[in-house]
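First up is the structure itself, then whatever we jot down about it.
What you see below is based on every heavy atom in this structure, not just the backbone, and it leaves out hydrogens, waters and symmetry mates. Just so it is clear, the structure is predicted and the values come from calculations on it, not from any experiment.
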Amino acid sequence: SGMGTITYQWNNNNGSSSYSSDETITLYNVSQSDTYSLRLTIGEYNTGFKLISVKITPRDISDATVTITDDFVYTGQKFISNVSVVVDGHPLTVEDDYSVAFSENKNAGENVTATVTGLTNYTGTASVQKEIQKAPLTVTAKNKQITFGDAPSNDGVTYSGFVNGETDAVLGVSGIQYGYTYTQYG
């Protein structure tokens with residue numbers, strides 16, 4: 001009376017997996033250059049085997065989860081970071097499954113964009129952005145002592161935290177200006 005359940009067994013050089021007729025077959029870690037065979041078992045006794053050609057359709061990664069794993073703090077240089085790409089719960093491998101390119105942005109407050117492009121069994125692109133944070137800058141007033149009766153001098157401040165060879169000129173003023181009230185004795 002009926003043919004019974006059809007069981008599919010998928011084989012390649014990475015091993016085999018079995019599926020029943022009511023399942024969708026989704027395969028991971030397959031390559032367009034691999035040779036695949038499909039074994040059909042109908043009921044308990046009728047078994048057939050045939051080598052078939054299988055067309056591997058690259059998976060579009062436009063819905064991938066892309067994460068920039070590093071924090072960006074202003075350095076004055078273009079940013080390059082590690083990127084994590086996950087498709088259908090499976091992590092992809094950079095240079096095997098995707099390439100990554102970063103935008104040229106480098107200033108605090110700007111966003112760095114990482115764009116991943118599918119390779120081999122993957123196609124399409126996905127992007128993620130991360131904001132560049134300000135670099136910490138410490139400004140310390142110079143400690144100055146004067147002898148009673150002497151006129152004070154405006155010795156200014158010291159800076160710690162400039163990056164990429166920058167100086168106080170990037171602050172838009174020539175040093176920090178400050179004032180004081182002092183009456184010289186005598």
Side-chain angles (χ1 to χ4, degrees), residues 5-40 50-139 159-172:
T5 301
I6 299 176
T7 302
Y8 305 91
Q9 185 175 24
W10 181 264
N11 295 292
N12 71 358
N13 56 1
N14 292 324
S16 65
S17 299
S18 295
Y19 305 91
S20 62
S21 57
D22 59 348
E23 294 183 67
T24 301
I25 300 174
T26 303
L27 302 170
Y28 296 95
N29 300 321
V30 295
S31 171
Q32 292 180 13
S33 62
D34 284 344
T35 301
Y36 300 97
S37 62
L38 180 64
R39 180 179 301 275
L40 299 177
K50 181 174 182 169
L51 194 61
I52 61 170
S53 295
V54 177
K55 179 180 179 186
I56 304 297
T57 303
R59 165 69 160 83
D60 189 327
I61 64 169
S62 61
D63 63 346
T65 301
V66 181
T67 307
I68 297 174
T69 57
D70 298 321
D71 289 327
F72 293 147
V73 177
Y74 175 73
T75 63
Q77 303 290 320
K78 177 183 171 184
F79 287 92
I80 296 177
S81 172
N82 292 319
V83 174
S84 165
V85 180
V86 177
V87 173
D88 298 329
H90 297 276
L92 303 186
T93 303
V94 68
E95 296 181 9
D96 290 338
D97 301 324
Y98 68 91
S99 64
V100 62
F102 291 90
S103 63
E104 297 289 329
N105 299 18
K106 61 183 183 177
N107 293 317
E110 295 178 339
N111 285 323
V112 173
T113 301
T115 302
V116 295
T117 302
L119 301 173
T120 313
N121 291 326
Y122 297 92
T123 188
T125 62
S127 297
V128 66
Q129 292 185 333
K130 195 162 196 178
E131 184 177 356
I132 301 169
Q133 303 300 311
K134 293 180 179 180
L137 179 65
T138 302
V139 181
Y159 301 97
S160 173
F162 284 118
V163 296
N164 200 34
E166 295 172 338
T167 67
D168 63 347
V170 299
L171 300 175

Taken in chain and number order and not counting sequence neighbours, the residues that satisfy ring-ring contact (aromatic ring centres under 6.0 Å, His included) with Phe102 are none

All ring-ring contact (aromatic ring centres under 6.0 Å, His included) counterparts of Phe72, not counting sequence neighbours: Phe79

Within [range] or reaching into it, pairs that qualify as salt bridge (Lys or Arg N to Asp or Glu O under 4.0 Å) - sequence neighbours excluded:
range            : result
residues 112-126 : none
residues 61-76   : Arg59-Asp63, Asp71-Lys130
residues 109-122 : none

Minimum heavy-atom separation for [X] and [Y], please, with both atom names.
X      : Y     : value
Ala114 : Val83 : CB-CG2, 4.2 Å
Val87  : Ala64 : CG2-CB, 3.7 Å
Thr117 : Ile61 : C-CD1, 4.1 Å

Can you list the residues that meet the side-chain contact (heavy atoms from CB on, under 4.5 Å) rule with [X], with sequence neighbours excluded?
X      : value
Asn164 : Gln77
Ser62  : Asp60
Glu131 : Asn111, Gln133
Ala135 : Val73, Tyr74

Val85 and Tyr122: side-chain contact (heavy atoms from CB on, under 4.5 Å), yes or no, with the steps? CA-CA 12 Å; Val85 180; Tyr122 297 92; over 6 Å; no

Less than 4.5 Å apart, any side-chain heavy atom of Val116 and any of Leu92? no

Determine which pairs satisfy side-chain hydrogen bond (donor to acceptor under 3.5 Å, both in side chains) with at least one residue from residues 94-107, sequence neighbours left out, and list them in order. Lys78-Glu104

Output all residues satisfying side-chain hydrogen bond (donor to acceptor under 3.5 Å, both in side chains) with Thr125, sequence neighbours left out; order by chain, then residue number. none

Output all residues satisfying side-chain hydrogen bond (donor to acceptor under 3.5 Å, both in side chains) with Ser127, sequence neighbours left out; order by chain, then residue number. Thr115

How many angstroms lie between CG in Asp168 and CZ in Phe162, if you round to the nearest 0.5 Å? 5.5 Å

Could you go through Thr67 and Val128, starting from their C-alpha distance and side-chain angles, then the distance that decides it, and tell me whether this counts as side-chain contact (heavy atoms from CB on, under 4.5 Å)? CA-CA 7 Å; Thr67 307; Val128 66; over 6 Å; no

